[in-house]
Amino acid sequence: MGGSPVAAQEASDDDAARVVVRIAGSHVDSASNPLPPPGSATFAAEGEQEHAKPEAPAEAASAQAPVEAKQEAAAAAAAAAGVQAMAVTVVRDVEAGPDASTSGQGGDKPSWFTPKRLLVMFCIINMLNYVDRGAIASNGVNGSRTKCSGGTCSPGSGIQGDFDLNNAEDGVLSSAFMVGLLVASLIFASLAKRYNPFRLIGVGLLVWTIATAGCGASFDFWSITICRMLVGVGEASFISLAAPFIDDNAPVPQKTAWLAMFYMCIPTGIALGYVYGGLVGKTLGWRAAFWGESILMVPFVILGFVIKPLEMKGLSHSGIKEYGQMLNPEVQDQIDNNGTKHVMPGGINDLAGKVPQKFSFSRFAKRLMTEIGLFSKDMKELLQEKVFVTVVLGYIAYNFVIGAYSYWGPKAGQQIYNMTSADLMFGGITIVCGIVGTLAGGFTLDKIGSTIPNAFKLLSCATFLGAIFCFGAFCFKSLYGFIPCFSVGEILVFATQAPVNFVCLHSVMPHLRPLAMAVSTVSIHIFGDVPSSPLVGLLQDKINNWRSTALILTSILFIAAVFWFIGIFVPSVDRFEEEIEHGVPAAERSNLRPLLDDNEEARASD
C-alpha cells in the first residue's frame, strides 16, 4: 500500500537470492521462478483445508475426491520442481563456498578478507612479478658474454655467458614473455565476463609459478625463451584484472592513492629484482634466483583457489542461471522487459537422463563465433573512447623508455660511469624514487581532484619535467652529477603511474574495464618495451656508445608528454558510475557490487 516501488523491487531482489525447498507435499518457492508452479493457485487454499478441523458433513466426502486428486497432482509437480531447485542450489553452493546459503546474513563477505588485505595481497603479487623482471636484467642473473682479446678469453657469466647470447638475442630474451602476455591478456579479459575474475587470477598465478621454475631448469636459449613466454601468460590474468578489483573496493576519496600503492610495486619490484638477482645470482647461481621467485609465489596461488571469489563491478556471474541450464536442458530462461527471470522446469525423470552432455563440434564452433562477435563489439566500443586512445598512445611512448631503462640501465651505468656495483646502485635509486614518485602522483591527483582532465595535466607536466632531468643526467661526466639529477627525473617520471591507470579505468564503462586494462597492457608492451629492449641493444651494437644510446632513448619521453598534453583538451566523462541497464537484468544487479563492499561510513573512516 504505502511502500515505494523501489523498496518493493529491492525486497524482490533479496528474495531472489534464496531458494526454499520443502519435500513432497509442500509447495516450492524459488527465486529463479517468481511465477507459481502449475496447480499452486489452488494449493494454498487446499493447504488451509488440511489444517482446518474436519467439521464438514459426510455428504461432502464424495465431492472432496476431485479436490484430493488435484492436490496429489500439485504435490507431485511441486516435488519435481523442488528436486531441481535443490540440485541447482547444491551446485551453486559448491561453487560459491559453504557460506553461500547465508548471503542474506553477511555470508557474501569472508570474515577476514577486507579491502585493505586485498590491496596488500595484490601489491605483494605485483611486486613478485616485477622482481622477476628486475632479476633477469641484473648483472648477477643476466651476466655477460665470453670475451676474448689478445688470444686470452675471459669466461662469461649468467644467462648470457652460459648460452653465449649477443646483445640483440639478450634483448629478445627479456621481451619473450610478452608474447604470452599479449595473447593471454585479451583472452583473460574476455573470460572475465563468463568466469569469476578472481579464480582466473589464481589460474594465471599457477602458470607463472610453474614457468619461473622452468626458467631455472632451462638448458638453452630456446627453452628459456619458451618459459619466459609462459611467464607472460601468468602475468596476463593478474595485470588485466587486479586493478579493477582495487578500484572497486578502494575508499572513494582515496582511489588514486590505492592505485598508486599498487603501481608503486612496479619500480619497487624491479629495484628489488636488481638487488635480489645480483646477490643470489653471484652466490647461488642465476638458476636459483628463478626457483626462489617460484617458491615465494606458491602461497598466493593457494589463496587464489581457496578464498571465496570476489565479484567485479560491471560483471555478473549468476550460478543459478548457469547451473540450472546445465542440469536440465529443458529449463528455459525467459527475461521480460523488466529484467525478471522466469524458469519453467521440466519433469523429474528428464533431469536424470539429460545431465550428461555430448560434445558437439558445431555447438562449440557456434559458441566460439558468438564469443568472437561479442569481443569484436566490445573492442569497437572501447576504441571509440577518444580519451582512452589518447592516454594509451602516450603510455606506449612512456613505456618504450621505461622498459629499456629497466633492462639496460644497470649495464649502461656500469659502462658509462664505471660503477663497481651497478645492480645495487640502480636498484637503490629506482626503489626510493619509485616509491616516492608513484605515491606522490597518486596523492597529488586525489588532492587536486580525481578527474580525467586533472590527470592529463599531471601526466603531461610530470613527464615533460622528468624527461628534462633524465636527459640532463646522462650529459654529466661525473657520477656525482648523474645520481641526483637522474633521481629527480625518476621521481617525476614514476609520478605518472597512478594517474595514467586512473584514466584507463574511468574513461570506459565498468564492464569494459578488464578489456581496457588488457588492451592498454598489450599496447604498451607490443609497441613499447617489447621492441625497445632489442632495438636499444641493436643501436648499441651499431654505435657502441652507451651515453649516446641513453640520450636517444630518453628523448622519446617528450613524445609521451605531448600526447598527454593533447588529452587535456579531449572532451571527457568519468564513466565509473555508469551501467549498461539494458545488458544487466534487474534481478542480478546486486552482483555488480564488489564482494568486499563495506558500508559507506566504515569505508570513509578508513
Side-chain angles (χ1 to χ4, degrees), residues 108-110 112-124 126-127 197 241-268 310-315 385 387-388 391 434-462 491-492 494-514 516-517 520 564 567-568 572-579 589-590 592-606:
D108 282 341
K109 300 178 183 179
W112 65 276
F113 203 47
T114 64
K116 289 183 179 178
R117 286 171 180 163
L118 173 73
L119 176 64
V120 171
M121 188 181 83
F122 279 0
C123 284
I124 296 174
N126 201 29
M127 188 176 297
L241 303 173
F245 273 126
I246 294 174
D247 197 40
D248 282 350
N249 293 285
V252 175
Q254 302 173 7
K255 280 187 178 291
T256 317
W258 278 43
L259 288 173
M261 294 177 193
F262 177 71
Y263 286 105
M264 172 193 70
C265 298
I266 294 178
T268 305
L310 284 66
E311 290 292 344
M312 184 181 292
K313 180 182 176 70
L315 301 177
E385 296 288 351
V387 174
F388 176 77
V391 74
I435 292 174
V436 173
T438 307
L439 290 179
F443 282 103
T444 300
L445 184 57
D446 281 335
K447 188 70 175 177
I448 64 177
S450 298
T451 65
I452 293 176
N454 284 346
F456 274 122
K457 293 173 185 176
L458 183 58
L459 287 171
S460 57
C461 291
I491 289 175
L492 290 167
F494 282 122
T496 61
Q497 286 294 317
V500 72
N501 286 283
F502 173 85
V503 176
C504 288
L505 288 169
H506 287 250
S507 62
V508 301
M509 298 285 285
H511 73 285
L512 290 176
R513 289 181 305 162
M517 297 306 296
S520 172
W564 287 335
I568 299 174
S572 60
V573 177
D574 192 329
R575 301 186 181 276
F576 180 75
E577 297 299 337
E578 296 184 18
E579 295 293 352
R589 202 117 335 128
S590 62
L592 301 184
R593 294 192 300 268
L595 181 62
L596 299 178
D597 191 21
D598 296 333
N599 61 69
E600 293 299 325
E601 292 79 12
R603 293 179 68 185
S605 63
D606 287 343

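Here the closest heavy-atom approach between residue F388 and residue S507 is recorded as CB-OG, 3.7 Å. Between S520 and C504, the shortest heavy-atom contact is OG-SG, 3.9 Å. Closest of all the heavy-atom pairs between A498 and T256 is CB-O, 3.7 Å. The two atoms that bring A260 and G442 nearest to each other are CB-CA, 3.7 Å, heavy atoms only. Scanning both residues, G434 and M264, for their nearest heavy atoms gives O-CG, 4.3 Å.
With rounding to the nearest 0.5 Å, the separation of CD1 in I452 from CD1 in I568 is 13.0 Å. Atom CZ of F122 is separated from atom CE of M261 by 15.5 Å, given to the nearest 0.5 angstrom. In this structure, OG1 on T496 lies 9.0 Å from CG on N501, to the nearest 0.5 angstrom. For the atom pair L512 CG and E385 CD, the distance stands at 8.0 Å (nearest 0.5 Å).
Applying the side-chain contact (heavy atoms from CB on, under 4.5 Å) criterion to I491, with sequence neighbours excluded, gives C433, V436. With sequence neighbours excluded, the residues forming a side-chain contact (heavy atoms from CB on, under 4.5 Å) with A257 are Q254, F443, D446, listed by chain and number. Under the rule for a side chain to side chain donor-acceptor pair (under 3.5 Å), N126 has no partner lying at least two apart in sequence or in another chain. Partners of N454 under the side-chain contact (heavy atoms from CB on, under 4.5 Å) rule, at least two apart in sequence or in another chain, are L445, I448, T451, K457. For F262, the ring pair (Phe, Tyr, Trp, His ring centres under 6.0 Å) partners are F238, not counting sequence neighbours.
A donor-acceptor distance shorter than 3.5 angstrom exists from the side chain of S460 to the backbone of F456, with no hydrogens or angles considered.
A heavy-atom distance below 4.5 Å is not found between the side chains of M517 and L241. Here the side chains of L458 and W564 are not in contact, with every heavy-atom distance at 4.5 Å or above. Using a 4.5 Å cut-off on side-chain heavy atoms (C-beta onward), D247 and H506 make contact. In this structure, the side chains of R575 and V387 stay at 4.5 Å or more apart for every pair of heavy atoms. A heavy-atom distance below 4.5 Å is found between the side chains of P115 and W258. Here the side chains of I266 and F494 are not in contact, with every heavy-atom distance at 4.5 Å or above.
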Starting from the C-alpha separation in whole Å, work towards a yes-or-no answer on side chain to side chain contact (heavy atoms under 4.5 Å, CB included) for T438 and T268.
-> CA-CA 10 Å; T438 307; T268 305; over 6 Å; no
